[in-house]
Amino acid sequence: MAMQVKSTPIRWTQIVVEPGAFLLAADPSGLCYVGSPGASFEELERGLNRAIPSGYTLVKDEAAMAPHAEQVIAYLNGEQGNFTLSFDFMGTPFQRTVWQALMEIPYGETCTYTEIAQRIGRPDAVRAVGTAIGANPVLIGIPCHRVIGKNGALTGYRGGLAMKRHLLELERRMPTNGGSR
């Protein structure tokens, strides 16, 4: 299956909020990238190059990115739980199915890789689910931090296990988020 080439610019910006600096990028369909805390611009380029091998231009545009930045900052400050902005899931059909399942994990809750595999109707694809979760380009927005090991242990996270722990603790401290979890 041929990858669709996007010729429109991808806008990006950097935000600085506890626990670090984050690069964000969006195309006209929505937020398509949230980097690891403190990650370099090269991580952004590598992430987009995997999803879009050619045909895009990165444009720094703080004004266009402001709505995305505001929601990520509000989440990281414990002021907002669920995102209301749009996302562009740039990945394979299987990855997009897994990422959509991640979006259905309620704020403040966790589930296992096995449970995700079962939810998408692929109970024998636990490793493939783990690989798809690891390829998630939109940290925080697509809540892969809510997926834990079968034994309850925190497992790999592109942002690091300290970041994963921070996000889970943040969600546990903010139980209501203005009436929605």
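Since this is a predicted model, take the numbers as computed values, not measurements.
Annotation: side chain of Ile140 is in contact with side chain of Met163 (closest heavy-atom distance under 4.5 Å). No side-chain heavy atom of Cys144 sits under 4.5 Å from any side-chain heavy atom of Arg158. Here the side chains of Leu48 and Cys32 are in contact, with some heavy-atom distance below 4.5 Å. The shortest side-chain heavy-atom distance between Thr97 and Thr92 does not fall under the 4.5 Å cut-off. Counting heavy atoms from C-beta on, the side chains of Thr155 and Ile148 never come closer than 4.5 Å.
Annotation for Ala64 and Arg11: closest pair CB-CD, 3.9 Å, computed over non-hydrogen atoms. Nearest heavy atom pair, residue Cys111 against residue Arg119, reads CB-NH2, 4.1 Å. Shortest non-hydrogen contact noted between Ala39 and Leu23 is O-CD1, 4.0 Å. In plain terms, the two heavy atoms of Thr112 and Gly149 that are nearest each other are CG2-O, 3.7 Å. Taking both residues in full, the closest heavy atoms of Leu76 and Pro19 are given as CD2-CD, 4.4 Å, listed atom of the first, atom of the second, then distance. The two atoms that bring Pro9 and Val59 nearest to each other are CB-CG2, 3.8 Å, heavy atoms only.
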Side-chain donor/acceptor pairs under 3.5 Å, residues 124-139, sequence neighbours excluded:
| unit_1 | atom_1 | unit_2 | atom_2 | d |
| --- | --- | --- | --- | --- |
| Thr131 | OG1 | Arg127 | O | 3.1 |
| Asn136 | OD1 | Val138 | N | 2.8 |
| Asn136 | ND2 | Ile142 | O | 2.8 |

Only distances under 3.5 Å count here; give the side-chain donor-acceptor pairs of residues 68-75 to other protein atoms, sequence neighbours excluded, each with its distance to 0.1 Å.
| unit_1 | atom_1 | unit_2 | atom_2 | d |
| --- | --- | --- | --- | --- |
| Gln71 | OE1 | Gln80 | NE2 | 3.0 |
| Gln71 | OE1 | Thr84 | N | 2.9 |
| Gln71 | NE2 | Thr84 | OG1 | 2.7 |
| Tyr75 | OH | His145 | NE2 | 3.3 |
| Tyr75 | OH | Glu171 | OE2 | 2.6 |

**Request:** Evaluate the criterion side chain to side chain contact (heavy atoms under 4.5 Å, CB included) for residue pair Leu58 and Phe41; output intermediate values, then yes/no.
**Result:** CA-CA 11 Å; Leu58 283 169; Phe41 189 76; 3.6 Å; yes
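For Glu169, there are no side-chain hydrogen bond (donor to acceptor under 3.5 Å, both in side chains) partners at least two apart in sequence or on another chain.
Between the side chain of Glu43 and the main chain of Ser36, a donor-acceptor pair closer than 3.5 Å is present. With Lys60 contributing its side chain and Gln14 its backbone, the two residues share no donor-acceptor pair below 3.5 Å.
Sparse packing is recorded around CZ of Arg122, with 12 or fewer heavy atoms of other residues, nucleotides or ligands lying under 6.0 Å away.
Put simply, CG on Leu31 and CZ on Phe83 are 8.0 Å apart, with the number rounded to the nearest 0.5 Å. Taking CD of Gln100 as the start and CZ of Phe87 as the end, the distance is 10.0 Å to the nearest 0.5 Å. To the nearest 0.5 Å, atom CG of residue Leu24 and atom CD1 of residue Ile15 are 4.5 Å apart. Here CD of Gln95 is found 11.5 Å from CG of Leu102. Values are rounded to the nearest 0.5 Å.
Aromatic rings from Trp12 and Tyr33 are positioned such that their centres are separated by 6.0 Å or more.
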